[in-house]
Amino acid sequence: MKECRYYTPLPDGCTRCDLCPHGCVLQSGQRGICGSRRNVEGRLMSDVYGQPCALADDPIEKKPLYKFHPGTRCLSLSCTGCNLRCLNCQNHDISQVLPDAVESYSLTPEAIVGIAERRRLPGIAYTYTEPLTYYEYIFDISRLAHEHGLWNILVSAGYINPEPLKALTPWLDAANIDLKAFSDDIYKRVNGARLQPVLDTLLTLHEAGVHLEITNLLIPEVNDNRDMIRSMCQWLRQNNLTDCPLHFSRFFPQYKMQDSYPTPIETLHTARRIAEEEGIRSVYLGNV
């Protein structure tokens with residue numbers, strides 16, 4: 001275990017996690033929504049520090065990142081846990097479970113950097129689940145990675161408070177943020193979160209000079225409304241994010257949305273046309 005960086009001790013041995021907007025208040029022994037941060041006798045601890053459940057050698061385009069060192073590969077790693085509850089989660093077997101529910105490695109930040117160097121991989125991607133829930137681990141890895149000349153790539157839903165995000169940005173080189181929908185209501189119903197903190201994350205990363213790409217998974221009859229897509233693209237334009245590549249991704253039935261159907265290809269083409277009309281310069285279609 002590793003003591004968490006952002007929390008507030010409360011009376012009677014309780015703690016409040018200050019990492020993300022959920023602000024989980026926990027009694028001793030309780031875990032936060034993410035499942036990986038736990039109150040241990042009045043101290044908030046990360047149960048997944050140094051315990052990645054997945055490691056892979058991936059092409060950088062898989063993140064997806066299309067305008068950041070294309071043609072290169074990276075070391076991808078993940079720990080269990082997520083602070084969202086997406087009904088369509090494609091990695092629910094590791095994101096929506098407790099740390100002891102899956103097998104994991106025991107690897108220090110030094111060991112992770114060593115693996116990347118031995119495999120001659122120029123960067124490390126924090127991905128698959130929600131990397132921000134194992135914040136302390138990626139913080140320590142990313143600082144060490146920069147010392148060794150490696151890139152750091154964040155693949156995230158972006159649900160984090162401003163202070164910890166700003167502390168992490170000096171060590172980030174690129175990020176792909178999953179913008180679930182341009183609707184607070186959909187975020188609440190489908191993802192168990194809120195929209196505004198994610199929009200704030202996009203602006204913070206962009207202002208910090210982190211290479212930013214955005215993914216919008218289009219789910220039929222959920223977030224594929226043309227007006228919503230246009231409103232999202234207009235917000236990106238109004239906030240000077242038109243240079244950030246935008247990936248519209250095709251949905252396939254997953255997890256608790258098995259009764260839905262795959263996104264029609266025409267919906268993706270329509271979304272791309274709308275984005276281009278609103279001035280988004282690089283628009284890509286994924287899962288097609």
Residues T204 and K166: side-chain donor-acceptor under 3.5 angstrom: no
Set of residues satisfying side chain to side chain donor-acceptor pair (under 3.5 Å) with respect to N239, sequence neighbours excluded: none
Any donor-acceptor pair under 3.5 Å from N152 side chain to S142 backbone: yes
Members besides V25 in its Ile/Leu/Val/Met/Phe/Trp/Tyr cluster (side-chain heavy atoms under 4.5 Å): L10
Mutual orientation of the aromatic rings belonging to H247 and Y66 [parallel < 30°, tilted 30-60°, perpendicular > 60°]: perpendicular
Apart from M45 itself, residues in the same hydrophobic cluster as defined by side-chain heavy atoms under 4.5 Å: M1, V40
Electrostatic pair R38:D47 at N-O distance under 4.0 angstrom: yes
With C24 via side chain to side chain contact (heavy atoms under 4.5 Å, CB included) - residues at least two apart: H22, L26, I33
Qualifying residues under salt bridge (charged side-chain N to carboxylate O under 4.0 Å, His left out), relative to D259, sequence neighbours excluded: none
Hydrophobic cluster partners of Y128 (side-chain heavy atoms under 4.5 Å): I94, V97, V102
Qualifying side chain to side chain donor-acceptor pair (under 3.5 Å) pairs, either residue in residues 72-85, two or more places apart: D57-R73, D58-S76, K63-S76, S78-T129, R85-Q96
Pairs touching residues 5-24 that satisfy salt bridge (Lys or Arg N to Asp or Glu O under 4.0 Å), sequence neighbours left out: R16-D18
Pairing residues for H146 by the side chain to side chain donor-acceptor pair (under 3.5 Å) criterion, not counting sequence neighbours: D173
Shortest non-hydrogen contact from L241 toward W235: CD1-CZ3, 3.6 Å
For N216, side chain to side chain donor-acceptor pair (under 3.5 Å) partners two or more places apart: none
Sidechain-backbone polar pair: E213 side chain, C244 backbone, donor-acceptor under 3.5 Å: no
Backbone of L218 reached by a side-chain donor or acceptor of T263 within 3.5 Å: yes
Check: M257 main-chain N/O paired with S260 side-chain donor or acceptor under 3.5 Å: no
Verdict with reasoning, Y137 to Y126, per ring pair (Phe, Tyr, Trp, His ring centres under 6.0 Å): CA-CA 10 Å; Y137 194 33; Y126 313 98; 8.2 Å; no
Heavy-atom side-chain proximity of E207 to L203 below 4.5 angstrom: yes
Any side-chain donor near an acceptor of the partner, D178 and T215, under 3.5 Å: no
Test item: D224 side-chain N/O and A271 main-chain N/O as donor-acceptor pair under 3.5 Å: no
Residue Q238 excluded, over 12 heavy atoms near CD under 6.0 Å: yes
Least distance between heavy atoms, G35 atom then P99 atom: O-CD, 3.4 Å
R230/E278 salt bridge by N-O under 4.0 Å criterion: yes
Qualifying residues under side chain to side chain donor-acceptor pair (under 3.5 Å), relative to N223, sequence neighbours excluded: none
Any side-chain heavy-atom pair of L77 and T127 under 4.5 Å: no
Test item: side-chain donor near acceptor, E130 and S156, under 3.5 Å: yes
Short side-chain to backbone donor-acceptor contact, Y255 and C86, under 3.5 Å: no
Candidate list P52, C34, C79, test side chain to side chain contact (heavy atoms under 4.5 Å, CB included), partner Y134, passing option: C79
Q258, CD atom: more than 12 neighbouring heavy atoms under 6.0 Å: yes
Qualifying salt bridge (Lys or Arg N to Asp or Glu O under 4.0 Å) pairs with a residue from residues 132-142, counting only residues at least two apart or across chains: K2-D140, R37-E136, D140-R143
